[in-house]
Chemist: 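If you scroll down you'll find the structure; I have some questions about it.
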Amino acid sequence: MKPSNKEVNWLIFSDLDGSLLDHDNYSHQAADKRLLELTQKQIPLILTTSKTRAEVMTIRQELNNQHPFIIENGAAIYIPRGYFSSKPNQCIELDDFWVYRLSEPRSYWLALLNKAKKQFPHSFSHFAAMKEEVIAQVTGLSLAQAQLANQREYGEPISWLGVDKAKQEFIHWLQDQGGHVLQGGRFLHLSGPCDKGQALAWLAQEYKNQAAAADFKTIAIGDSGNDVAMLEQADLALIIRSPVHSPPKLKRVRGFFISDEFGPRGWSSGLGKIL
Ligand SMILES: [Mg+2]
């Protein structure tokens, strides 16, 4: 029998906007000391976001983060090649990464939207059908940011132009065809049936598979609805208070904390209390 005093290894899965990054100015400065502490303690910080790979690469570089990351709301997990001693099962090789996909590629969803045009003519637009200048306009991003946001690999943001009643029919039609539709602030997001919780579960299991002797525990950090699945899934959850909306409601009754402060300030102090 092995002794039961195995050391706990934390894995931290964190949302970006409104959590590690400030809601208004996208700064992580208030969390920098805590980020340094995680690096020193060799605690993996796994960025888990609705953003595209292109968007995350920029932030990852700025944070000097070398760990796996989860993009497009759990649609895919990117693991730097060689991060684990062997390539995880079911991963494909793409650029410098081993990639585990939980959604069909974007081309699959674009083909479905092409079919939808016959059913719902002139009722919607979507990123691939827009000029990047228009994407910048409707999202409020700069042109450079809009270009990164448009490099989606696993899903498509849709802008509904018709009446509300037809929008429900449209959503049901997409769901009948196997699509997963998420209502965001500005867009409907069409992708496969994935979420941040499933992605967290897969990656945490992979850490365990790759280091059988170690005991891994997960912490999920997020501030809004698309974080709920991972906040429910993780061993511990830290909800970051938002200046613009109330904290998401969880079903779990234990193992979660709500930060006192907003954004990266709450991220830092909340994580400090847990660790
Ligand atoms: Mg957020």
Side-chain angles (χ1 to χ4, degrees), residues 11-32 34-35 38 45-60 62-63 65 67-78 102 138-142 145-146 148-149 152 154-155 157 180-189 191 194-200 203 218-234 236-252 256-271 274:
L11 299 172
I12 300 177
F13 294 77
S14 178
D15 171 51
L16 291 172
D17 292 355
S19 298
L20 179 57
L21 306 182
D22 183 89
H23 174 265
D24 295 312
N25 62 19
Y26 301 102
S27 167
H28 51 78
Q29 202 187 345
D32 282 355
R34 189 72 60 203
L35 287 166
L38 298 186
L45 171 62
I46 296 143
L47 306 179
T48 307
T49 176
S50 59
K51 291 179 188 295
T52 62
R53 167 162 59 132
E55 290 173 291
V56 176
M57 291 302 281
T58 313
I59 298 163
R60 219 168 147 259
E62 195 186 304
L63 295 173
N65 182 304
H67 297 288
F69 55 95
I70 294 166
I71 60 159
E72 298 190 35
N73 271 324
I77 300 161
Y78 281 70
L102 291 97
V138 293
T139 55
L141 297 172
S142 71
Q145 288 169 328
L148 297 180
R152 309 201 77 79
Y154 303 99
H180 175 73
V181 185
L182 195 73
Q183 173 74 67
R186 290 190 180 88
F187 300 99
L188 291 170
H189 292 271
S191 71
C194 50
D195 59 48
K196 292 181 176 185
Q198 295 171 51
L200 176 148
L203 185 54
T218 54
I219 299 173
I221 309 176
D223 74 313
S224 61
N226 64 350
D227 299 312
V228 166
M230 73 165 173
L231 292 167
E232 297 281 14
Q233 178 73 41
L236 294 176
L238 171 60
I239 298 173
I240 303 299
R241 215 174 274 283
S242 164
V244 291
H245 58 75
S246 51
K249 294 249 181 319
L250 300 186
K251 288 199 202 93
R252 70 188 298 167
F256 76 93
F257 308 85
I258 302 180
S259 72
D260 294 326
E261 299 159 293
F262 300 143
R265 209 170 284 283
W267 194 97
S268 181
S269 56
L271 201 48
I274 295 174

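In each ligand, atom 1 is the first atom listed, and ligand 1 is the first ligand listed. Below, each value reflects all heavy atoms present in this structure, side chains not excepted, and no hydrogens, waters or symmetry copies. Everything numeric here is computed off the predicted structure, so don't read it as measured data.
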Chemist: Could you tell me whether the side chain of L238 reaches within less than 4.5 Å of the side chain of I274, counting heavy atoms only?
Modeler: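 Yes. Closest side-chain heavy atoms under 4.5 Å.
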Chemist: Take the Mg ion (ligand 1) and tell me which protein N, O or S atoms are nearer than 2.8 Å.
Modeler: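 Listed by chain and number, the nearby protein N, O or S atoms are D15 OD2, D17 O, D223 OD1.
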Chemist: Decide yes or no for S224 and H245: does some side-chain heavy atom of the first lie under 4.5 Å from some side-chain heavy atom of the second?
Modeler: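 Yes - at least one pair of side-chain heavy atoms lies under 4.5 Å apart.
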Chemist: Can you tell me if CZ on R241 sees more than 12 non-hydrogen neighbours from other groups inside 6.0 Å?
Modeler: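 More than 12 heavy atoms, drawn from other residues, nucleotides or ligands, come within 6.0 Å of this atom.
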Chemist: Please check if the number of heavy atoms outside F256 that lie under 6.0 Å from its CZ is greater than 12.
Modeler: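 Enclosed.
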Chemist: Can you tell me if CD on Q183 sees more than 12 non-hydrogen neighbours from other groups inside 6.0 Å?
Modeler: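 Enclosed: over 12 neighbouring heavy atoms sit under 6.0 Å from CD of Q183.
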Chemist: Which distance, rounded to the nearest 0.5 Å, do you find between the CD1 of I77 and the CG of L102?
Modeler: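 Nearest 0.5 Å value for the CD1-CG distance: 5.5 Å.
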